[in-house]
Amino acid sequence: MSATRLLSALRSRIGRDQANLEYKWMTQAASHELDLVAMIRRRLVGEPLQFILGSQPFGPLNLLTRPPVLIPRPETEHWVTRLSQFISPVAHKPLRLLDLGTGTGCIPLLLCHLWPPGAVKATGIDVSDAAIQLAIENAALCGIAASHDDNCNKNTFLAIKANILDPCLYKNPAIQRPIDALTSNPPYISWKEYFHLPHSVSGYEDPKALFGGPFGMDFYHAIADFITCDGTLSPGAVVALEVGDGQANKVQRILTNTGRIKHTEIWNDPWGKERTVIGLA
Amino acid sequence: MQFAQDIKRLKQLKGTESLQNAWNQWNQNHQSLTETTSLLTDADPGMRGLAEDEYQHLSNTLTDMLKKTFPSLLIPPSETAGLSALMELKSAVGGSESSLFLANLLRMYLRLADAKGWKTVIVSKSDTDEGGVKDAVVEFKGEGSYDDLRWESGVHRVQRVPTTEAQGRVHTSTVAIIVLPLSEEAESGGDSDLFNMEDVKVEVMRARGAGGQHVNKTESAVRLTHIPTGITVSMQDERSQHQNRRRAFQVLRARLMDRKLSQEMDERRATRNSLIRSADRSEKIRTYNYPQDRVTDHRIGRTIANLKSVLEGDALEDFMIDLRRNYEETILENVLVEGDHLSAI
């Protein structure tokens with residue numbers, strides 16, 4: 001089938017305007033006509049555009065994307081950009097940042113990019129080998145050094161394999177404490193919602209990155225347990241957690257109940273949903 | 001403070017350089033003329049002949065200076081000479097035929113930019129299925145590109161038999177063009193003397209349901225609204241929201257700059273009783289007539305036979321030169337009228 005015929009099929013599937021835009025982006029990425037045809041075919045069966053093109057812009061960065069690692073979302077892009085201004089670390093006095101469930105590495109990498117050199121030593125953990133591998137590749141692509149050796153002139157990012165749900169996480173020697181900034185976009189989709197996800201999400205992205213237990217709250221409880229451990233957060237540390245639609249108040253309460261957080265606030269995403277819970281130790 | 005004043009004086013001095021040069025040239029020529037006059041009656045016929053030639057040449061030069069150089073000195077230097085241009089093209093009357101013509105015009109301007117050595121960036125462009133372009137925004141980077149292109153603002157009319165027309169009837173369609181000044185400012189966000197950040201509402205366009213992890217649809221469209229003026233700019237061509245935002249701010253800045261310039265012009269007109277006509281953007285400025293193979297610019301009443309030479313050659317520049325001259329003449333008239341007023345007081 002010709003690319004034009006496929007385009008018209010794509011239009012009836014995702015709408016005319018969106019199809020036209022995606023067609024243009026695929027055309028720009030395709031090296032030849034057959035390539036383009038193959039791309040549109042993949043898109044027609046519901047594969048996310050980001051996996052077909054192999055990348056997703058995130059702030060000024062362009063990150064690699066590869067199944068099944070969770071694709072960076074615009075909501076995340078928005079709050080991380082805001083966080084980069086909310087915390088203002090200074091050069092050559094690096095703060096220690098930990099990102100739980102780092103996936104592509106998008107959160108720590110954008111902060112490493114936006115903050116002055118030597119302002120942050122970031123560590124990202126993920127339970128998936130595919131995510132760790134991709135995060136390492138993305139760090140290299142963004143020119144972020146992958147070692148925390150005594151180099152205060154650069155921002156650094158390390159991706160290591162660990163599980164948020166592990167009750168002994170705080171004992172992991174690779175995670176240096178106390179932490180000055182804790183970020184996470186943990187899996188937060190509930191059992192009930194999971195069955196109503198679009199095929200492009202449930203059919204292509206890692207369930208381990210999406211499914212947050214029966215009510216989507218399992219990881220927030222685990223993160224709260226981690227925070228509660230003595231010596232996890234430094235005084236004045238900032239915690240920033242992305243939440244699903246309608247979860248902000250519950251997560252706010254969970255954070256407050258740790259007894260380690262003095263102040264909390266909720267940030268909306270650009271579409272007006274409560275998206276990020278901020279806690280200050 | 002001293003420093004700022006010095007800069008101001010230097011600028012003034014630099015600004016009067018052309019006056020000084022012209023005056024020096026005039027005096028030199030005039031002196032030569034006086035010297036030559038005495039030789040016109042020389043005893044040597046060879047010498048007399050030479051002197052006559054030189055006399056003729058010098059008086060021509062002096063007349064020329066009186067007629068061209070001196071009046072041109074009255075035209076204030078363009079305040080927009082250094083600016084690049086942002087051109088917005090929108091198909092208007094005529095549906096798909098209008099979009100096809102827009103594609104022709106777009107090509108014409110890109111060719112011109114190539115010839116002029118301007119760098120072009122297609123900021124946004126929506127293609128139609130028939131091979132036309134519904135609308136486009138193009139950046140022309142290069143000194144003087146705004147001053148050259150600004151007279152392209154207005155309604156461009158095409159008269160031809162559309163390729164889609166089976167009956168062979170001539171249709172009339174139009175494309176609206178607006179050329180905006182582009183200043184070299186900090187690229188994204190941030191306050192400037194054109195607007196305050198808090199006056200700009202930044203919105204994302206489509207609803208996303210639950211959003212977040214539930215949706216992985218690409219969503220990068222951005223709309224800016226400048227609340228005090230009500231100007232809105234939408235940008236969705238890039239996959240990167242960051243990039244769309246940057247470009248939307250660029251267009252907003254250009255529109256506000258344009259507004260500022262035309263306000264300044266209005267003020268000047270009010271105080272000086274200026275003759276300069278305001279550029280009415282709804283006005284039909286040019287007709288491209290295919291059956292008669294001609295392009296007519298209605299403002300200067302000039303017709304160029306051979307339409308192809310405009311669309312695909314360098315005849316467009318002829319129009320531009322004439323338009324600029326036309327503008328300079330109105331400025332000159334304006335200055336003279338003002339002078340009359342002053343001497344009457």
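Here is the naming used below: chain letters follow the sequence lines, and residue numbers restart at 1 for every chain. Because the structure is a prediction, the values reported are computed rather than measured.
Residue-environment remark: CD (B:Glu143) stays at or below the threshold of 12 foreign heavy atoms within 6.0 Å. Atom CZ of A:Phe215 has 12 or fewer heavy atoms from other residues, nucleotides or ligands within 6.0 Å. Atom CG of A:Asp35 has more than 12 heavy atoms from other residues, nucleotides or ligands within 6.0 Å.
Ranked by heavy-atom pairs under 4.5 Å with chain B, the first of A:Gln28, A:Arg275, A:Lys273 is A:Arg275. Contact tally against chain B (heavy-atom pairs below 4.5 Å) for A:Asp17, A:Asp245, A:Ile189: the top residue is A:Ile189. The residue among B:Glu238, B:Gln243, B:His214, B:Arg239 with the most heavy atom pairs within less than 4.5 Å of chain A is B:Arg239. Heavy-atom pairs under 4.5 Å with chain B peak, among A:Pro186, A:Pro198, A:Pro72, at A:Pro186. Counting heavy-atom pairs under 4.5 Å between each of A:Thr76, A:Asn20, A:Asn185 and chain B puts A:Asn185 at the top.
Considering every non-hydrogen atom in both A:Pro57 and B:Ser240, the closest pair reads CB-CB, 3.4 Å. In plain terms, the two heavy atoms of A:Pro74 and B:Gln241 that are nearest each other are CB-NE2, 4.5 Å. Looking at every heavy atom in both residues, A:Trp25 comes nearest to B:Gln236 through CZ2-O, 3.8 Å. Taking each heavy atom of B:Gln213 and A:Val201 in turn, the nearest pair found is O-CG1, 3.7 Å.
Looking at B:Val215, the atoms closer than 4.5 Å to chain A (heavy atoms on both sides) all sit in the backbone: N, CA, C or O. Looking at A:Asp269, neither its backbone nor its side chain comes within 4.5 Å of chain B, counting heavy atoms on both sides. Heavy atoms of A:Leu70 lying under 4.5 Å from chain B belong exclusively to its side chain. With a 4.5 Å cut-off on non-hydrogen atoms, A:Leu53 touches chain B through its side chain but not through its backbone. In this structure, no portion of A:Thr81 lies under 4.5 Å from any heavy atom of chain B. Of the two parts of B:Ser220, only the side chain, counted from C-beta on, holds a non-hydrogen atom closer than 4.5 Å to a non-hydrogen atom of chain A. For a residue to count as touching a neighbouring chain, one of its non-hydrogen atoms must lie under 4.5 Å from one of that chain's; by this rule A:Tyr204 does not touch chain B.
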Given B:Glu203 and A:Trp271, is the side-chain contact (heavy atoms from CB on, under 4.5 Å) satisfied, shown in steps?
-> CA-CA 8 Å; B:Glu203 290 170 289; A:Trp271 289 269; over 6 Å; no

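Ion pair B:Glu219/A:Arg73 not flagged as a salt bridge, since none of the NZ, NE, NH1 or NH2 atoms sits closer than 4.0 Å to an Asp/Glu carboxylate oxygen. Using a cutoff of 4.0 Å between basic side-chain nitrogens and carboxylate oxygens, B:Asp129 and A:Arg11 are scored as salt-bridged. Contact check on B:Asp127 versus A:Lys24 returns no salt bridge, with no Lys/Arg side-chain nitrogen under 4.0 Å from an Asp/Glu carboxylate oxygen.
Listed by first and then second residue, the ring-ring contact (aromatic ring centres under 6.0 Å, His included) pairs involving residues 93-130 of chain B are B:Phe101-B:Tyr288 (not counting sequence neighbours).
A heavy-atom distance below 4.5 Å is not found between the side chains of A:Ser200 and B:Lys217. Inter-residue side-chain proximity for B:Arg208 and A:Glu75 is flagged as met; some heavy-atom pair is nearer than 4.5 Å.
Distance check: A:Ile71 CD1 to B:Thr218 OG1 gives 8.0 Å after rounding to the nearest 0.5 Å. Distance NE2/B:His242 to CG/A:Asn62: 11.5 Å, rounded to 0.5 Å.
Contact residues of residues 38-51 of chain A toward chain B are A:Pro48, A:Leu49, A:Gln50 (heavy-atom distance under 4.5 Å). Below 4.5 Å, heavy atoms of chain A meet no heavy atom from residues 222-232 of chain B.
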All N/O donor-acceptor pairs, side-chain side in residues 1-9 of chain A, below 3.5 Å, sequence neighbours left out:
from	atom 1	to	atom 2	distance (Å)
A:Ser2	OG	A:Arg5	N	3.1
A:Ser8	OG	A:Arg5	O	3.3

